[in-house]
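Below is one structure; the comments refer to it alone.
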Protein chains: 2
Amino acid sequence: MSDVAATGISVLLVDDHPIVRQGYRRVLESQGDLHVVAEADNAADAYGAFKTHDPDVVVLDISMPGASGLEAIRNIRARNPRARILVFTMHNEAVLVKAAFGAGASGFVTKSSEPTAVVTAIRSVARGERAMSDDIAHILAEDSLSAGSALDQLGEREIEILRQFAGGATTEQIASHLNLSVKTVQNYHYLIKTKTGARTDAQLVRLAASCGLTKI
Amino acid sequence: MSDVAATGISVLLVDDHPIVRQGYRRVLESQGDLHVVAEADNAADAYGAFKTHDPDVVVLDISMPGASGLEAIRNIRARNPRARILVFTMHNEAVLVKAAFGAGASGFVTKSSEPTAVVTAIRSVARGERAMSDDIAHILAEDSLSAGSALDQLGEREIEILRQFAGGATTEQIASHLNLSVKTVQNYHYLIKTKTGARTDAQLVRLAASCGLTKI
DNA sequence: GCCGGCTTGGGAAATTTGCCCGAGCTGCGA
DNA sequence: TCGCAGCTCGGGCAAATTTCCCAAGCCGGC
């Protein structure tokens, strides 16, 4: 890792949209102390670029399709636990934010924030601090949960029911598969929602899919 | 409308992410012949900015949340049928592309295209030509060959609601996004289920995902 | 033995779903 | 031009489900 104070902050940009990367690059480099040393448009390349360039900060969007964004974070951190990763995305769902921090991200900024928010977040993250945009802080506060990364808080039965539900099974089907009363399955359904913070069945399905519980 | 040949091409940028706009502005203005004369971050402002600046080309993302993107296109075209509108978004679903052209767009470029694709598309559109990026052409071609997915039986509104629902939005959120009553959204929800044959919300999400309406 | 967590379900209020209805609007063909 | 068909929008109401709160049995750990 380079000497931040003397040479500025080296940044690896990861976003799947080329023009978006190019735009960010210009915005960041106009700051003077921020230098984009590499770009990547997918998780695998991001890991490769990280290994060869060892940037101070990784700014990563990857739009979080699937768990590949989270995997990228985990991969990078596995290689270098001191790596600073700033997630910069349009998503603002609490489950995603928590998953990102749980995977080892140092910051989370939404694209709807002021442009300066990313810049200051990069500097904060480079100093080893945790950073997030105001809206994310608000969302996490609302979420007001302490537990771990979504599925970790679920028991075996709950995960099994979530899997079947996300796979498209009806409550009755799940009940008969598992030899439970419909009422119990309904209760689990509710419990899972509250534990994961999902407000909607659709969010539940997306959560299950992004955790690899279900393939779509 | 200004004289394109002599003064270059004036552009109105519409995107809901400030930093993205700032990035585009830098990329476009580095071209010399492209001048960003105004920006907007929502459909209403886009219409207002169009009225006051009368740009040669409107580059519009708005991320298509709700039909507001399509409405913006229709509004602008209603005011000036010669308006050139280039949709520039991360979405690449055939239904959306067709809807955009149907609403009066002159071009459709995805953000995953090469940065030069937008620039050349803007010039094409300014000349009155139709423009689309290679991936969009490919998707439309495939689409025209396939007999039709389950989504073909759905109307524009239904598809929009399905997209938002599958994306994790609650009934209330969808209703307020689209300015509908909750009841209407509930009815659409039901209608979509019966039309697609989905028995469960989870099945609906999976259907939307498998049709490319939503990325998980 | 006791505490805490998982699993299983009851109960009742609140909400949503399932279906049927009508009305306004638009485009299209007779 | 008329009328039909389809989309959009919402009311109504019974039936179903969700939401929460609660209790009880079981099991592992301290």
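Each chain gets a letter, A, B and so on, in the order its sequence line appears, and its residues count up from 1.
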Consider the side chain of [X], meaning its heavy atoms from C-beta on, and name the nucleotide among [options] that approaches it most closely.
X       : options                   : result
D201(B) : dT18(D), dT17(C), dG10(D) : dT17(C)
R157(B) : dC9(D), dG12(D), dT8(C)   : dC9(D)
Y190(A) : dT17(C), dC9(D), dC20(D)  : dC20(D)
Q186(B) : dT7(C), dT17(C), dG11(D)  : dT17(C)

Given [N], is OP1 or OP2 found less than 4.0 Å from the side-chain N or O atoms of [X]?
X       : N       : answer
T184(B) : dG10(D) : yes
S181(B) : dC9(D)  : no
K193(B) : dT17(C) : no

Protein-nucleotide distance ([X], atom [atom1]; [N], atom [atom2]), rounded to Å:
X       : N       : atom1 : atom2 : result
Y188(A) : dC20(D) : OH    : P     : 19 Å
H189(A) : dT18(D) : NE2   : P     : 5 Å
K183(B) : dC21(C) : NZ    : P     : 14 Å
E172(B) : dT18(D) : CD    : C1'   : 13 Å
N187(A) : dC20(D) : CG    : C1'   : 9 Å
L180(B) : dG11(D) : CG    : C1'   : 15 Å
R199(B) : dC19(C) : CZ    : C1'   : 15 Å
K195(A) : dT19(D) : NZ    : P     : 16 Å

Going by distance alone, is a donor N or O of one side chain under 3.5 Å from an acceptor N or O of the other, for D201(B) and H189(B)?
yes

If only side-chain N and O atoms count, and only distance matters, is there a donor-acceptor pair under 3.5 Å linking Q164(A) with H177(A)?
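The criterion, which ignores hydrogens and geometry beyond distance, is satisfied for Q164(A) and H177(A).
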
Measure the shortest side-chain to side-chain distance between L191(A) and E158(A) over non-hydrogen atoms and say whether it is less than 4.5 angstrom.
yes

Is any side-chain heavy atom of L12(B) closer than 4.5 Å to a side-chain heavy atom of H53(B)?
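The answer is no, as the side chains (C-beta and beyond) never meet within the 4.5 Å cut-off.
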
Aromatic Y24(A) / basic R26(B) pairing, under 6.0 angstrom, 45° off normal:
no

